[in-house]
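First the structure, in the form of structure tokens, and then the observations on it.
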There are 2 protein chains.
Amino acid sequence: MNEKFFDLKSEKQDKMINASLHLFADNGYKHASTDDIVREAGISKGLLFHYFINKQGLYSFLIDYSVRYLLYEYDRTVGEETDYFAFFDKLESAKLNVLRNYPYMYKFIDRAMAETDPDIKAISNPELERYHLAVESYKNKLSTPNLRSAITLAQLETLIKHTVSGLTSEQLKSGRPDPDALNIEISSYISLLKTLSTVS
Amino acid sequence: MNEKFFDLKSEKQDKMINASLHLFADNGYKHASTDDIVREAGISKGLLFHYFINKQGLYSFLIDYSVRYLLYEYDRTVGEETDYFAFFDKLESAKLNVLRNYPYMYKFIDRAMAETDPDIKAISNPELERYHLAVESYKNKLSTPNLRSAITLAQLETLIKHTVSGLTSEQLKSGRPDPDALNIEISSYISLLKTLSTVS
DNA sequence: TTTGGAATTGTCCACATTGGTCAATATATG
DNA sequence: CATATATTGACCAATGTGGACAATTCCAAA
């Protein structure tokens, strides 16, 4: 890519990034058209190719940028938190901050995992792996909560994971998401699960 | 559509249906190509148009067929069950039966809800509405479980809904799904949530 | 004001893909 | 055999594709 891209004012950068994330997320690599991206970003075709050389270069940049951004945001927000429930609370709050700036970043990453084209997989796999490993390493540092005998730690984590991602994607579908309201809702479910699953 | 379609042996019908569900689910109406559908179904282009007239006709048939099939399967499996947890257990087992025959039917319905083209919305909206209403009417007949004071009925339902759909879509992504194993897993989570949320 | 390099445009193009048609052929049935 | 029906796949006009590039706008320094 052309590094001059980062000299643009960040508002314009983000318009290009968000339009690209959106169309790749919704349509996959093959069916996301650069014409559509350009139209949604409000820039000319020439400019997009000026900064990213070709479609693959754009995709590759987005993978790189997204993983970097997500991990940075996690690190910034989660810090050294080791308490189990507090960790998830902070992690989700970090995710919502991402959503605030890049509403389609998660869906993009999700779709990237499902791409089949070998060239595209070769580009994205290492970065996606890196993301996955980083998240796992957070979890390894957590304290074990004092659970009721009816539930295991793995089960609790499954409940948290799916509930949170379900609530999030539900909001995303309903037009403009409200990250603050969502933050409160997610917090309340995490605390609910804490109450239900731990011994007092 | 051409009613002769139903005279084909059901194996062939399902190959056409599944290929169509798959490509519409993954790419949306606009970007799902009839060439791809035909290739995946292992039939000729002419045959597809012989039975469904045009792309819109095919889509319209699929919406109709899917909603009809889902509701039939629910009715068959759930019956008159009114116990709260038993109901969800049966409902999920019905869903898994659908998955067994039509792995992409849910994703198709999900994507249909997100279509923006007005013609397509006009086709799918009434059927999707019908589906939604039917599911709601089941829920209205349920007994209220005896919950711990920490949790409300709405919260419990949210936990069940997202956990179940999360577990399901996780399986779907991992190549060939194993509905029997998934059934057991989902049952165990429903029973877990029952234990955690009810007073003994 | 002038100048020169950078950002930005949008038209243009060769080619691929699109939904859909249709005459030809295979298959089954009686 | 004959007849009807299921099925094929080459073909088409229209549209969409990624990418190139000469032309323009913009803006800071001289």
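Here the structure is a predicted model, which is why all the values come from computation and not from measurement. The basis for the numbers below is simple: all heavy atoms, side chains too, and nothing from hydrogens, waters or symmetry mates. We name chains A, B, ... by the order of the sequence lines, and we start the count at 1 in each one.
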Run the side chain to side chain contact (heavy atoms under 4.5 Å, CB included) check on A:Tyr138 and A:Asp75 step by step: do they pass? CA-CA 9 Å; A:Tyr138 276 123; A:Asp75 205 58; 3.1 Å; yes

Just grab all the side chain to side chain donor-acceptor pair (under 3.5 Å) pairs involving residues 184-198 of chain B, residues at least two apart or on different chains.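 Checked against side chain to side chain donor-acceptor pair (under 3.5 Å) - neighbours excluded - the pairs reaching residues 184-198 of chain B are A:Thr158-B:Tyr189, B:Asp89-B:Ser187.
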
Would you mind reading off the distance between [X] atom [atom1] and [N] atom [atom2], rounded to a whole angstrom?
X	N	atom1	atom2	result
A:Met1	C:dA7	CE	C1'	15 Å
A:Asp7	C:dT8	CG	C1'	15 Å
A:Leu8	C:dA7	CG	C1'	8 Å
B:Lys9	C:dA28	NZ	P	10 Å
A:Asn27	C:dT17	CG	P	17 Å
A:Arg39	C:dT11	CZ	P	13 Å

Can you find a side-chain donor-acceptor pair between B:His22 and B:Asn18 that sits under 3.5 Å?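 The answer is no; no qualifying pair exists.
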
Does A:Glu11 CD have over 12 foreign heavy atoms under 6.0 Å away?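 Open.
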
Should the heavy atoms of other residues, nucleotides or ligands under 6.0 Å from NZ of A:Lys139 be counted, would the total exceed 12?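 Result for NZ/A:Lys139: enclosed.
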
When all nucleic acid strands are considered with a 4.0 Å heavy-atom cut-off, which category describes B:Tyr51: base, sugar-phosphate, or nothing?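 It contacts sugar-phosphate atoms only.
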
Students often get this wrong, so: under 4.0 angstrom with heavy atoms, is A:Phe5 touching a base, only sugar-phosphate, or nothing?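 Contact class for A:Phe5: none.
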
Using a heavy-atom cut-off of 4.0 Å to chain B, what are the terminal contacting nucleotides of DNA chain D, in 5' to 3' order?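 Contact boundaries, 5' end first: D:dA6 to D:dG9.
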
Residue pair B:Arg111, B:Tyr29: steps toward the side chain to side chain contact (heavy atoms under 4.5 Å, CB included) verdict: CA-CA 9 Å; B:Arg111 183 96 196 207; B:Tyr29 179 77; over 6 Å; no

Nucleotide by nucleotide, nucleotides 19-27 of chain C touches protein heavy atoms under 4.0 Å in the pattern (B base, S sugar-phosphate only, - none) BB-B-----

Which residues satisfy the salt bridge (Lys or Arg N to Asp or Glu O under 4.0 Å) test with B:Arg148, sequence neighbours excluded?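 For B:Arg148, no residue satisfies salt bridge (Lys or Arg N to Asp or Glu O under 4.0 Å) once neighbours in sequence are set aside.
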
Just jot down the salt bridge (Lys or Arg N to Asp or Glu O under 4.0 Å) partners of A:Asp180, sequence neighbours excluded, or say none.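 So A:Asp180 forms a salt bridge (Lys or Arg N to Asp or Glu O under 4.0 Å) with A:Arg100.
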
Give every donor-acceptor pair under 3.5 Å between a side-chain atom in residues 42-54 of chain B and any protein atom, sequence neighbours left out.
| residue | atom | partner | partner atom | Å |
| --- | --- | --- | --- | --- |
| B:Ser44 | OG | B:Leu47 | N | 3.4 |
| B:Lys45 | NZ | B:Asp35 | OD1 | 2.9 |
| B:Asn54 | OD1 | B:Gln56 | N | 3.3 |
| B:Asn54 | OD1 | B:Gly57 | N | 2.8 |

